[in-house]
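Just so you know, these numbers use all the heavy atoms, side chains as well, and skip hydrogens, waters and symmetry mates.
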Amino acid sequence: MILHCVFCDFLPEVSGAARDALFEELSNLSLSLEGVETFEFGPNRDFEQKSQNFSAGFVIRFRDQAALEAYAVHPGHQALGAQLCDMCTGGADGIVVFDLEI
């Protein structure tokens, strides 16, 4: 199983509502694809004060690497990913991705 973790440094002018709307679109797309088990998103509470720049993020649980690879090349994911980059500080540089094999 792959846990795809995405952490975002959103531009200050991006509202929580705009952020959540994009996450909802990503959720709907992801959950429609074969091999996607869960999609969860929310704000970063940063209780340990170690990730202040990353205001929100999401995690997707994929059945296997093949499901993640199919998601990565899906045109809907690429379009929404481009929108996400536009909403983050420095574009793609404002996004951190960890793919954990669990």
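Interatomic distance, CZ of R19 versus SG of C88, reported as 10.5 Å (0.5 Å rounding). Rounding to the nearest 0.5 Å gives a distance of 9.0 Å between OG of S27 and CD of E40.
Side-chain contact check for N44 and S55: no donor-acceptor pair (N or O, by modelled atom type) lies under 3.5 Å.
Using a 4.5 Å cut-off on side-chain heavy atoms (C-beta onward), E37 and R63 make contact. Side chains of D99 and C5 form no contact here, defined as non-hydrogen atoms less than 4.5 Å apart. At least one side-chain heavy atom of E24 sits under 4.5 Å from a side-chain heavy atom of N28.
What you find for K50 and D46 is that their closest heavy atoms are N-OD1, 2.8 Å. Across all non-hydrogen atoms, the minimal contact from I102 to R61 is CD1-NH1, 3.1 Å. For the residue pair A18 and S15, the shortest heavy atom distance occurs at N-OG, 3.0 Å.
Taking a 6.0 Å sphere around CD of Q78, one finds it holds more than 12 heavy atoms contributed by other residues, nucleotides or ligands. Within 6.0 Å of CD on E48 lie no more than 12 heavy atoms contributed by other residues, nucleotides or ligands. For Q65, the CD atom counts as loosely surrounded, since its 6.0 Å shell holds 12 or fewer non-hydrogen atoms of other residues, nucleotides or ligands. Remark: E101 CD is loosely packed, at most 12 non-hydrogen atoms of other residues, nucleotides or ligands lying under 6.0 Å away.
Within the 3.5 Å criterion, the main-chain N or O of A72 finds a donor-acceptor partner in the side chain of H77.
L80 belongs to a hydrophobic cluster with I2, V6, F10, L11, V14, L22, F23, L26, L29, L31, L33, V36, F39, F41, F58, I60, F62, L68, Y71, L84, M87, I95, V97, counting contacts under 4.5 Å between side-chain heavy atoms of Ile, Leu, Val, Met, Phe, Trp and Tyr, direct or through other members.
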